[in-house]
Amino acid sequence: MSGGTTARADAPDVLVIGGGLAGLSAAVRCLQEGRTVLLAERRPYLGGRARSFPHPETGDEVDNGQHLMMGCYHASFRFLRTIGADHLVHLQKRLSILFRHPEGAPDRLTASDLPAPFHVLTGLLGLRRLAPGQRAALLRVGPALFGTDPERNERLRRMSVSQWLDRMGQPEENRRFLWDIIAVGALNDSTDRISAALFVKVLRSAFLGSRRNAAMAVPLRGLSAVLSDPAERFITEHGGTVLKGNGAERVEIDGGRVTAVTLQDGRRLTPRHVISAVPYFDLPKVFGDTAQLGVTGLDAFVSSPIVTVHLWFGRHFVDEPFAALIGSPLHWVFNRSVITGRGADGPMYLAIVVSGAHALTEMTNDDIVSLACRELRRFYPGAADAVPEHSLVVKQKRATFSPGPATAYGRPGPRTAVRNLFLAGDWTDTRLPATIEGAVQSGHDAAGLVTG
Ligand SMILES: Cc1cc2nc3c(=O)[nH]c(=O)nc-3n(C[C@H](O)[C@H](O)[C@H](O)COP(=O)(O)OP(=O)(O)OC[C@H]3O[C@@H](n4cnc5c(N)ncnc54)[C@H](O)[C@@H]3O)c2cc1C
């Protein structure tokens, strides 16, 4: 039985350390199961790596990085429904992605009405920029994708996406026009670094099962308004406590249990259970030697950056809500004016995303803005002479861990060697890349162990 609402404020049933999506998801589930919860976040805001803030010059809600979701984000949609925010995410009726090329007409990948996986396969065969032979080569991927369980395939687990595409006989055009942009976007690093098995897993989650799984989902407001604000409301309305700017400073472990946690302000808590939802690089700062938790191998983790260039123009020259740019150092263009319902007339706010953006993190913000404007002119004839009225570059150097063959599998799970301590976070053993879905699912799973 839980300690119920009578538990003293400093001795909650569950202390959640970290107010990113993993921590918020854990807190929400614990409260749903009737536990008393205190969530402590080190920063003055919630949301972690998925948050937004007001742009001082325009007042627009700016994300730390534009996020895309998918229909196969089942844990995330359940979380959104629970916190009453599912109406703030637009899910396409069917997968539809516009691929823009610097020359010639754009191409569109649209899923058909056929049942999965044929809805996507027929869509792929409809890509007009690929020659018939190149489209036929795409079909070679089908059996490999749908035949084997990637997680049980040792050879695939040792391979990079690049090596796998070689084995699948994918010509250069197929990589450039399709695989690179999808793989780098989904796993956030270059195809020679990321795990083939994990990529195949992602494709299977999207392309198999319900047709809805492959559809793209876009938050209609800033990330905080969609995710962390409603989650915070849910937590406080259900009797939980949220502390911001007051994270865990020191954790005492004795006899295989967490006995106390001291917060930044010196407050000493004695929770019955602790869920750590901090990133892999913060775990040693909170717990010291992680071997005592039974967590080893953190040295193998490396982070990969994402850079988002936010540009405000006085007029529109992009009509679509989002598009992938083929053969560009920029990857995706999101038209925030269209997405947020302000329409495709008048001033325009674009968020341009580059994943695995190692080269861009070395550039100055001015150079990045110049590069973005040059590229927009290459892809959008209407962009000629367009000069942004405002610009903002957000570099997230540790956006996600890079899921290489060494780290994609064998990550620590939610149980630790410390009986009342559980782990959550996008880097834990979710069998997913570092995503909203991985974070939310991990928090839900860790909470399940506390309340189960
Ligand atoms: C620019 C960018 C773009 C992205 N795009 C996508 C996308 O399109 N689709 C997608 O699905 N995913 C995307 N992601 C990934 C997604 O945002 C993350 O996987 C997810 O938000 C991670 O959540 P988390 O809770 O695991 O970790 P975090 O969000 O990092 O949360 C951990 C929290 O712990 C806190 N903390 C650390 N130490 C302490 C302490 N001692 N005490 C208390 N609190 C502490 C941190 O301040 C932080 O708030 C993107 C990420 C970035 C950065």
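Atoms within a ligand are numbered from 1 in the order they appear, just like the ligands themselves. What you are looking at is a predicted structure, and each value in this text was computed from that prediction instead of being measured. Side-chain atoms are counted along with the backbone in the values below, which use heavy atoms only and exclude waters and symmetry mates.
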**Q** For atom 15 (C) of ligand 1, what's the nearest protein heavy atom and its distance?
**A**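 Of the protein heavy atoms, Ala434 O, 3.7 Å lies nearest.
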**Q** Any atoms of ligand 1 less than 4.0 Å from a non-hydrogen atom of Asp282? List them with their elements.
**A** 37 (C), 38 (N)
**Q** Tyr73 heavy atoms, cut-off 4.0 Å: which ligand 1 atoms fall inside?
**A** 9 (N), 10 (C), 11 (O)
**Q** Give the residue, atom name and distance (to 0.1 Å) of the protein heavy atom nearest atom 48 (C) of ligand 1.
**A** Glu41 OE1, 3.5 Å
**Q** Cationic tip of Arg398 within the cone over Phe281's six-membered ring, i.e. under 6.0 Å and within 45° of the normal?
**A**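 Relative to the ring axis of Phe281, which defines the angle, Arg398 lies inside both limits.
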**Q** Return the closest protein heavy atom for atom 34 (O) of ligand 1 as residue, atom name and distance.
**A**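 Answer, as residue, atom name and distance: Gly18 CA, 3.4 Å.
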**Q** Is the ring pair Phe313/Phe317 parallel, tilted or perpendicular, if the boundaries are 30 and 60 degrees?
**A** perpendicular
**Q** Starting from atom 25 (O) of ligand 1, find the nearest protein heavy-atom neighbour and note its residue, name and distance.
**A** Ala22 N, 2.9 Å
**Q** Considering only heavy atoms, does Ser442 approach ligand 1 within less than 4.0 Å through its side chain, its backbone, both, or neither?
**A** neither
**Q** Looking only at protein heavy atoms, which one is nearest to atom 31 (O) of ligand 1, and what is the separation?
**A** Gly20 CA, 3.3 Å
**Q** Could you list which atoms of ligand 1 come closer than 4.0 Å to a heavy atom of Gly247?
**A**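 Atoms satisfying the 4.0 Å criterion: 42 (N), 43 (C).
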**Q** Say whether, by atom type as modelled, one donor and one acceptor occur between the side chain of Ser25 and the main chain of Val440 under 3.5 angstrom.
**A** yes
**Q** List ligand 1 atoms under 4.0 Å from Ala439, heavy atoms only on the residue side.
**A**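 Per the distance check, 22 (C), 23 (O), 24 (P), 26 (O).
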**Q** Does only the side chain of Asp426 get under 4.0 Å from ligand 1, or the backbone, or both, or neither? Count heavy atoms.
**A**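 It is both backbone and side chain that touch ligand 1.
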**Q** Number the atoms of ligand 1 from 1 as they appear, then name those within less than 4.0 Å of a heavy atom of Ala277, with their elements.
**A**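 In order of number, 32 (C), 33 (C), 34 (O).
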**Q** What atoms of ligand 1 come within less than 4.0 Å of a heavy atom belonging to Gly425?
**A** 26 (O)
**Q** Which residue and atom name correspond to the protein heavy atom nearest atom 8 (O) of ligand 1, and how close is it?
**A** Leu68 N, 2.7 Å
**Q** Between Arg49 and Asp426 (salt bridge meaning N to carboxylate O under 4.0 Å), is one present in this structure?
**A** yes
**Q** Going by the closest heavy atom to atom 28 (P) of ligand 1, which one wins out of Arg49, Met69, Glu437?
**A**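 Comparing heavy atoms across Arg49, Met69, Glu437, the nearest one to atom 28 (P) of ligand 1 lies in Arg49.
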**Q** Judged on heavy-atom distance to atom 16 (C) of ligand 1, which of Arg250, Met216, His67, Gln396 sits nearest?
**A** His67
**Q** Going by the atom numbers of ligand 1, which of them fall below 4.0 Å from some non-hydrogen atom of Gly65?
**A** 1 (C)
**Q** Can you tell which of Ala248, Ser303, Pro279 gets a heavy atom nearest to atom 42 (N) of ligand 1?
**A**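 Among Ala248, Ser303, Pro279, the closest heavy atom to atom 42 (N) of ligand 1 belongs to Ala248.
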**Q** Strictly under 4.0 Å, does any heavy atom of Leu21 approach an atom of ligand 1?
**A** yes
**Q** Verify, without hydrogens or angle tests, whether Asn420 (side chain) and Arg272 (backbone) share a donor-acceptor contact under 3.5 angstrom.
**A** yes
**Q** May I ask you to check whether Trp427 and Phe401 place their ring centers less than 6.0 Å from one another?
**A**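 For Trp427 and Phe401, the ring centres are not under 6.0 Å apart.
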**Q** Verify whether the ring centers belonging to Tyr349 and His55 lie closer than 6.0 Å.
**A**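 No, they do not, as the ring centres are separated by 6.0 Å or more.
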**Q** Determine, for Phe379 and Arg100, whether the Lys NZ or Arg CZ falls below 6.0 Å from the six-membered ring centre while staying within 45 degrees of the axis.
**A** no
